[in-house]
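Below: the structure, in structure tokens.
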Amino acid sequence: MSEIFEKLAVSFGYDFVIYALIAGVLIALCSSLMGVTLVLKRFSFIGDGLSHVAFGAMAVAAVTGLTNNMLLVLPVTVVSAVILLAGGKSRKIKGDAAVAMISVGSLAVGYMIMNLFPTSGNVSGDVCSTLFGSTSILTLSKLDVWLCVILSVVVLFVFIFFYNRIFAVTFDESFARATGTNAGAYNLLIAIIIAVIIVLAMNLVGSLLISALVIFPALSAMRVFKSFKSVTICSAVFSVLCAALGILISIVAGTPVGSTIVGVDMLGFFIFWIIGAVRR
């Protein structure tokens with residue numbers, strides 16, 4: 001046990017570990033807040049779809065040599081979020097079909113581009129890192145962390161400021177419209193926030209595991225609590241603790257960061273499921 005604490009103490013002397021913890025905690029917090037809304041609105045699938053879109057955009061950014069791929073990835077993901085939201089309300093293309101079309105297409109195009117125009121001699125390693133977040137979170141620069149902090153503060157501000165409207169649109173969109181709330185605008189706002197979170201989370205867990213950050217904290221909190229406010233608070237605390245613990249375990253054990261965080265989330269969900277079953 002003492003060796004573990006010594007290793008952690010040494011690790012905290014490196015800037016990249018501090019950067020990873022700051023970014024990981026902020027991303028987990030934002031993901032959990034919007035995750036409750038997505039789960040209740042049955043939009044959980046949108047996170048998976050947008051993550052594949054972000055992967056395709058990141059592949060294009062790498063090939064074109066953009067020094068900051070966020071300049072391309074973020075706008076493309078936001079636009080795709082808007083398209084998916086519109087597709088979910090279309091009579092011709094239902095929400096799940098729209099997600100399947102955009103996500104699978106983006107994933108295939110991104111992988112093809114990375115193979116046709118490789119930016120390094122290890123294409124498989126680049127793809128693995130992008131899909132599963134193997135080492136991305138441990139290579140963040142100070143600029144990346146500041147960008148993450150700014151975007152996270154914006155997401156938190158929007159969620160807190162529009163909390164009542166988001167609550168109304170989440171539980172009963174028809175009633176919200178009847179009371180004069182512009183439900184379409186708030187659905188659009190939710191989609192944009194989710195797109196921002198997806199882009200931020202790619203460095204933490206990779207594009208294939210992003211949905212875990214959105215779904216597991218919300219579902220875990222719902223096993224124990226019932227009100228929207230208590231579920232949201234519990235989900236946020238659960239997500240932050242799991243992200244921090246996952247990062248620390250990955251440092252000590254040498255395991256992939258993204259997979260470790262998701263594993264801790266799964267363990268936490270199992271514990272909350274038992275607690276909820278005992279309470280019932």
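Just so it is clear, the values below take in all heavy atoms, side chains as well, and ignore hydrogens, waters and symmetry mates.
- V240 and I251 fall within the same hydrophobic cluster, where Ile, Leu, Val, Met, Phe, Trp and Tyr residues are linked whenever their side-chain heavy atoms come under 4.5 Å apart, directly or through other members.
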>> Apply side chain to side chain contact (heavy atoms under 4.5 Å, CB included) to residues F167 and T37 and explain how you reach the verdict.
In response: CA-CA 8 Å; F167 171 81; T37 297; over 6 Å; no
> For M34 and I197, what are the C-alpha separation, side-chain angles and deciding distance, and is it a side chain to side chain contact (heavy atoms under 4.5 Å, CB included)?
Replying inline: CA-CA 9 Å; M34 297 310 301; I197 294 173; 3.6 Å; yes
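- Residues satisfying the side chain to side chain contact (heavy atoms under 4.5 Å, CB included) test with A168, not counting sequence neighbours, are A176.
- There is no path of hydrophobic side-chain contacts, each under 4.5 Å, that joins L241 to M266.
- Here the two rings, on F238 and F272, have centers that are under 6.0 Å apart.
- Listed by chain and number, the hydrophobic cluster partners of W273 are F270, I274, V278, where partners are ILVMFWY side chains within reach of under 4.5 Å, directly or through others.
- V158 and I233 sit in two unconnected hydrophobic clusters of ILVMFWY residues. Membership requires side-chain heavy atoms under 4.5 Å apart, directly or through other members.
- In the hydrophobic clustering of ILVMFWY residues, with side-chain heavy atoms under 4.5 Å counting as a link, I192 and F157 come out together.
- The only member of L213, V155, L38, I215 that meets side-chain contact (heavy atoms from CB on, under 4.5 Å) when paired with S31 is L213.
- With respect to L245, the side-chain contact (heavy atoms from CB on, under 4.5 Å) criterion is satisfied by exactly one of T260, V264, D265: V264.
- No chain of hydrophobic side-chain contacts below 4.5 Å, direct or via other Ile, Leu, Val, Met, Phe, Trp or Tyr residues, connects V237 to I275.
- Panel note: side chain S239, backbone S235; no donor-acceptor pair is recorded below 3.5 Å.
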